[in-house]
A.B. asks: 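The structure follows.
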Amino acid sequence: MTRAALAQLRYRGGGPTFYRISAKTILYKRSGILEWMESRACTRTDDVITTR
């Protein structure tokens, strides 16, 4: 996933939980990323993915 894609997810209120350390520094906990990924797991190509 690109930095731009993560920025869009943050702007829209989706994606993994993040920490804003400074105006230009965003950090993610590894466990938060893994939880977010697991919440988006699909078993079929037509599964509907919801944000947050």
Side-chain angles (χ1 to χ4, degrees):
M1 181 170 281
T2 65
R3 288 180 182 185
L6 282 170
Q8 281 297 313
L9 286 171
R10 287 192 306 271
Y11 178 77
R12 294 179 182 161
T17 302
F18 65 93
Y19 300 86
R20 183 177 302 277
I21 304 304
S22 69
K24 293 186 177 184
T25 304
I26 303 294
L27 298 178
Y28 297 90
K29 276 188 172 179
R30 183 179 305 268
S31 60
I33 293 170
L34 294 174
E35 287 174 16
W36 176 75
M37 286 174 50
E38 286 297 324
S39 74
R40 297 176 56 84
C42 300
T43 57
R44 298 173 26 164
T45 57
D46 62 348
D47 281 350
V48 176
I49 297 175
T50 60
T51 57
R52 281 216 147 177

A.B. asks: For Arg44, which residues count as a side-chain hydrogen bond (donor to acceptor under 3.5 Å, both in side chains) partner, sequence neighbours excluded?
C.D. replies: Asp46

A.B. asks: Closest heavy-atom contact between Pro16 and Gly32?
C.D. replies: CB-O, 3.9 Å

A.B. asks: What pairs with Ile26 under side-chain contact (heavy atoms from CB on, under 4.5 Å), at least two apart in sequence or on another chain?
C.D. replies: Arg10, Phe18, Arg20, Tyr28

A.B. asks: First locate atom CZ of Arg3, then atom CG of Leu6, and finally report the distance between them rounded to the nearest 0.5 Å.
C.D. replies: 9.5 Å

A.B. asks: Side-chain heavy atoms nearer than 4.5 Å, only ILVMFWY residues, links allowed to pass through others: does that put Leu9 and Met37 together?
C.D. replies: yes

